[in-house]
Protein chains: 2
Amino acid sequence: MFLSQTSRYALQAAAFLAERWAEERPTPVGDIAAGLGVPRNYLSKILHQLARERVLVSERGPKGGFRLVAAPDEIALASVVGPLEPAYGERHCLLGRPTCSDDDPCAAHDRWQSVSSELTAFLESTTLADLVRGP
Amino acid sequence: MFLSQTSRYALQAAAFLAERWAEERPTPVGDIAAGLGVPRNYLSKILHQLARERVLVSERGPKGGFRLVAAPDEIALASVVGPLEPAYGERHCLLGRPTCSDDDPCAAHDRWQSVSSELTAFLESTTLADLVRGP
DNA sequence: GCATTTAATCATATTGACATGATAATAGCA
DNA sequence: TGCTATTATCATGTCAATATGATTAAATGC
């Protein structure tokens, strides 16, 4: 009910790369896909997209692969999910009512905004490092 | 990014019926669809499903239509959305990680649970009456 | 009984998310 | 130079969500 499969794969892969941040070599898609048990070619397309969005860096050829563009604690979940969720950041009415905006709110609008902005805050303030560190 | 189109239609229709709770006659799908500007036959299928789930009551024939099964302030958003969202109520890991459960949580698990349960609380505690009453 | 109004159901189309497989481009290395 | 490992791209397939249109069943009023 919340994130698409695509976004979940992306977050898992990003967390996987976060664990390998220290390595000199980038990690090939094959390793990530095998490590996570997700479809290889599909993941490849997702990672490519994240590379275009400057969340990852890709290198071709032997010894190539993907790495994070910055340290895990500098990459928020929102930067991974944002490019993959078409509606990310759109302020909607929960009901998708065209007439329900901040100007002309339904009675539940404020309560929903408050829940909704907690969600946003979670994605903005949680980083890939938080997905990795043990408790 | 949060509710499906189907659920949004359902909530809009339920709010529409909440406004008509006082009327003696049930409201035909056609009136609801026209009032909301949503596809009639598709809405019909959704309302039928909500009737099977005992959220609405349907009556056939002339003067037929749909009405709420109870007063608007007795119907939580969760009872409308629940039957329409296959994954509603499933406790997941945000990432869909098979290995990330309450027993063996990733580091962000608790923070996510807290956001996630606020969402649930919102849907459980907000009623159709809250979608109607002016501020 | 018959016509009308409505929900219920059936058949089908469209679209985008998810996924697979094959090929092209690039980089390293012998 | 040519071989190989890798990403990048292309073509295609599957399936569920969304949507449309037609038909059937039930209730009402004449």
Side-chain angles (χ1 to χ4, degrees), chain A residues 1-13 17 20 23-69 81 83-88 96, chain B residues 1-13 17 20 23-69 81 83-88 96:
Chain A
M1 180 153 117
F2 182 59
L3 292 177
S4 66
Q5 185 63 260
T6 299
S7 296
R8 292 197 301 268
Y9 286 163
L11 285 175
Q12 286 182 44
L17 290 175
R20 311 223 164 175
E23 317 253 315
E24 316 116 40
R25 296 187 45 185
T27 309
V29 188
D31 293 7
I32 308 175
L36 300 174
V38 311
R40 186 205 143 103
N41 284 343
Y42 192 54
L43 184 61
S44 168
K45 218 163 57 171
I46 299 170
L47 297 187
H48 173 55
Q49 199 175 341
L50 289 177
R52 281 199 284 101
E53 300 286 343
R54 313 281 174 181
V55 176
L56 304 182
V57 175
S58 69
E59 286 174 39
R60 299 220 261 201
K63 315 260 169 185
F66 291 88
R67 63 167 70 255
L68 300 178
V69 74
V81 164
L84 301 173
E85 295 283 337
Y88 183 79
Chain B
M1 180 151 120
F2 182 59
L3 293 177
S4 66
Q5 184 65 261
T6 300
S7 297
R8 292 197 300 269
Y9 286 164
L11 286 175
Q12 286 182 44
L17 289 175
R20 311 227 163 171
E23 318 254 316
E24 315 117 39
R25 296 188 44 185
T27 308
V29 188
D31 293 9
I32 308 174
L36 300 173
V38 309
R40 185 205 145 100
N41 285 343
Y42 192 55
L43 184 61
S44 168
K45 216 163 59 169
I46 299 170
L47 297 187
H48 173 54
Q49 199 176 341
L50 290 177
R52 281 198 285 100
E53 300 285 343
R54 312 282 174 180
V55 177
L56 304 180
V57 175
S58 68
E59 287 174 41
R60 299 222 261 201
K63 317 260 168 184
F66 291 88
R67 62 166 70 254
L68 300 179
V69 74
V81 165
L84 300 173
E85 294 284 337
Y88 184 77

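Because the structure is predicted, anything quoted here is derived from the model rather than measured. Here is how names work: the chains are called A, B, and so on, in the same order as the sequence lines, proteins then strands, and each is numbered from 1.
The side chain of B:Arg25 sits closest to C:dT6 out of C:dT6, D:dA17, C:dC18. With distances taken from any side-chain atom of A:Phe66 to the nucleotides D:dT7, C:dT9, C:dA7, the minimum falls on D:dT7. Listed nucleotides: D:dA19, D:dT7, C:dT20. Nearest to the side chain of A:Val29: D:dT7.
Not one side-chain nitrogen or oxygen of B:Tyr9 sits closer than 4.0 Å to the OP1 or OP2 atom of D:dT18. Within the structure, a side-chain polar atom (N or O) of A:His48 is placed less than 4.0 Å from OP1 or OP2 of D:dA8. Contact between the side-chain N/O atoms of A:Ser58 and the OP1/OP2 oxygens of D:dT6 is not found at any separation under 4.0 Å. Look at A:Ser44 and you won't find any side-chain N or O under 4.0 angstrom from OP1 or OP2 of D:dA8.
The side-chain contact (heavy atoms from CB on, under 4.5 Å) search around A:Glu53 returns A:Val55, A:Pro83, not counting sequence neighbours. Among residues two or more places apart in sequence or in another chain, the side-chain contact (heavy atoms from CB on, under 4.5 Å) test is passed with A:Pro26 by A:Glu59, A:Arg67.
To the nearest angstrom, C1' of D:dT6 lies 13 Å from CG of A:Leu47. Look at CD on A:Gln12: it is 13 Å from P on C:dC18, rounded to the nearest Å. Per the geometry, CD belonging to B:Gln49 stands 13 Å off C1' belonging to D:dT18, to the nearest Å. Put simply, CD1 on B:Ile32 is 8 Å from P on C:dA7, counting in whole angstrom units. Note: CG (A:Leu3) to C1' (C:dC18) measures 16 Å, nearest angstrom. The CG-C1' distance, from A:Asp31 to D:dT7, rounds to 13 Å in whole Å. A straight line from CZ of A:Arg67 to C1' of D:dT7 spans 15 Å, rounded to a whole angstrom. Atoms OH (B:Tyr42) and P (C:dC10) sit 18 Å apart, rounded to a whole Å.
Nucleic acid contact class of A:Gly30 (heavy atoms, under 4.0 Å, all strands): none.
Of the inter-residue distances, the one linking B:Ile32 atom CD1 with B:Arg20 atom CZ reads 8.0 Å to the nearest 0.5 angstrom.
Between A:Pro39 and A:Tyr9 the shortest side-chain heavy-atom distance falls below 4.5 Å. Side chains of A:Leu84 and A:Leu50 form a contact here, defined as non-hydrogen atoms less than 4.5 Å apart. When side chains are defined from C-beta on, B:Val69 does not count as touching B:Leu56, because their heavy atoms never get closer than 4.5 Å.
A side chain to side chain donor-acceptor pair (under 3.5 Å) check over residues 33-51 of chain B, counting only residues at least two apart or in different chains, returns the pairs B:Thr6-B:Tyr42.
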Pairs under 3.5 angstrom, nitrogen or oxygen only, protein versus nucleotides 11-13 of chain D, please.
none

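When all heavy atoms are compared, the tightest approach of B:Phe66 to B:Val29 is CE1-CG2, 3.3 Å.
Around the CZ atom of A:Arg52, the shell of radius 6.0 Å holds more than 12 heavy atoms that belong to other residues, nucleotides or ligands.
For A:Glu85 (side chain) and A:Leu3 (main-chain N/O), no donor-acceptor pair under 3.5 Å exists by modelled atom type.
Note on the helix from C:dG1-D:dC30 to C:dA30-D:dT1: angle between the axes of the first and last five pairs equals 10°, rounded to 10 degrees.
Comparing B:Gly64 and A:Ser4 by the nucleotide of DNA chain C whose heavy atom lies nearest to each, the residue mapping closer to the 5' end is B:Gly64.
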- Query: Reading nucleotides 21-30 of chain D from the 5' end, what letters show protein touch, with B for base, S for backbone sugar-phosphate only, - for no heavy atom under 4.0 Å?
  - Reply: B---SSBB--
